[in-house]
Amino acid sequence: MTKYLRHGVLTLAAFLLVAGAQSAVAQDDAQKAGAELYANNCMSCHTPTPAKMMGKPVDGLLASMEKVKNMSSPSGPLQKMQQTLKSLSPEQMKDIATYVNQLKP
């Protein structure tokens with residue numbers, strides 16, 4: 001029985017290691033995609049290093065984007081931002097937030 005338990009523990013450890021590596025790769029891919037999306041859609045207004053947003057939690061950044069995306073009648077820069085956000089998928093918005101989150105102030 002100890003042999004089976006040891007095998008099970010080793011299998012579980014290997015599974016967790018692979019899952020962690022896949023998660024890190026997925027996060028890296030999201031950051032790369034986010035960097036490109038940010039450069040093409042956001043940087044002209046928010047600069048390459050958006051100090052007020054850098055390092056903020058992904059959920060908070062997404063909530064801010066959703067708020068602008070769903071405004072009923074934005075004006076000025078918010079109107080341009082809303083148009084940009086409406087052209088992005090939820091996954092693309094999350095990629096941007098993931099990218100901005102990893103920037104260090």
Side-chain angles (χ1 to χ4, degrees):
M1 178 144 165
T2 304
K3 176 179 162 182
Y4 295 113
L5 182 60
R6 185 177 4 197
H7 177 70
V9 168
L10 290 175
T11 301
L12 177 61
F15 173 77
L16 292 174
L17 182 63
V18 169
Q22 288 175 340
S23 177
V25 168
Q27 176 115 0
D28 190 47
D29 289 347
Q31 288 176 359
K32 287 178 185 175
E36 185 175 332
L37 287 163
Y38 183 85
N40 293 333
N41 296 287
C42 312
M43 192 182 301
S44 63
C45 295
H46 288 287
T47 75
T49 53
K52 292 181 180 180
M53 297 184 296
M54 293 167 59
K56 299 289 183 193
V58 171
D59 290 343
L61 292 166
L62 281 171
S64 294
M65 287 190 269
E66 285 292 336
K67 181 178 179 182
V68 173
K69 186 176 181 176
N70 296 315
M71 284 181 165
S72 59
S73 55
S75 60
L78 290 177
Q79 186 176 22
K80 181 180 178 185
M81 184 175 173
Q82 184 182 64
Q83 290 170 347
T84 299
L85 291 171
K86 285 187 175 192
S87 72
L88 299 173
S89 71
E91 184 177 304
Q92 289 173 316
M93 289 172 54
K94 186 171 183 177
D95 288 347
I96 292 170
T98 299
Y99 168 71
V100 173
N101 167 264
Q102 61 85 37
L103 295 175
K104 302 298 178 220

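Positions are given from 1, in the same order as the sequence printed here. Hydrogens, waters and symmetry mates are skipped; everything else that's a heavy atom, side chains included, is used. Computed from a prediction, not measured in an experiment: that's the story for all the values here.
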Heavy-atom nearest pair, Tyr99 first then Gly34, reads CB-C, 3.6 Å

OG1 of Thr84 to CG of Asn40, rounded to nearest 0.5 Å, is 11.0 Å

Listed pairs under 3.5 Å, donor-acceptor, residues 72-81 side chains, sequence neighbours left out:
none

Those residues at least two apart in sequence (or on a different chain) that pass side-chain contact (heavy atoms from CB on, under 4.5 Å) with Met43 are Tyr38, Ala39, Pro48

Applying side-chain contact (heavy atoms from CB on, under 4.5 Å) to Lys67 and not counting sequence neighbours gives none

Asp95 and Ala33 have their tightest heavy-atom pair at OD2-CB, 3.6 Å

Contacts of Glu66 meeting side-chain contact (heavy atoms from CB on, under 4.5 Å) (sequence neighbours excluded), chain-then-number -> Lys69, Asn70, Met93

For a 4.5 angstrom cut-off between non-hydrogen side-chain atoms, does Asp28 reach Lys32? yes

Residue pairs passing the side-chain hydrogen bond (donor to acceptor under 3.5 Å, both in side chains) test with at least one member in residues 43-56, sequence neighbours excluded, are none

With sequence neighbours left out, the residues meeting side-chain contact (heavy atoms from CB on, under 4.5 Å) with Lys104 are none

Between Val100 and Met53, the two heavy atoms sitting closest are CG1-O, 3.4 Å

Between the CG atom in Asn101 and the CE atom in Met54, the distance rounded to the nearest 0.5 Å is 11.0 Å

Value for CE (Met65) from CG (Leu88), rounded to nearest 0.5 Å, stands at 8.5 Å

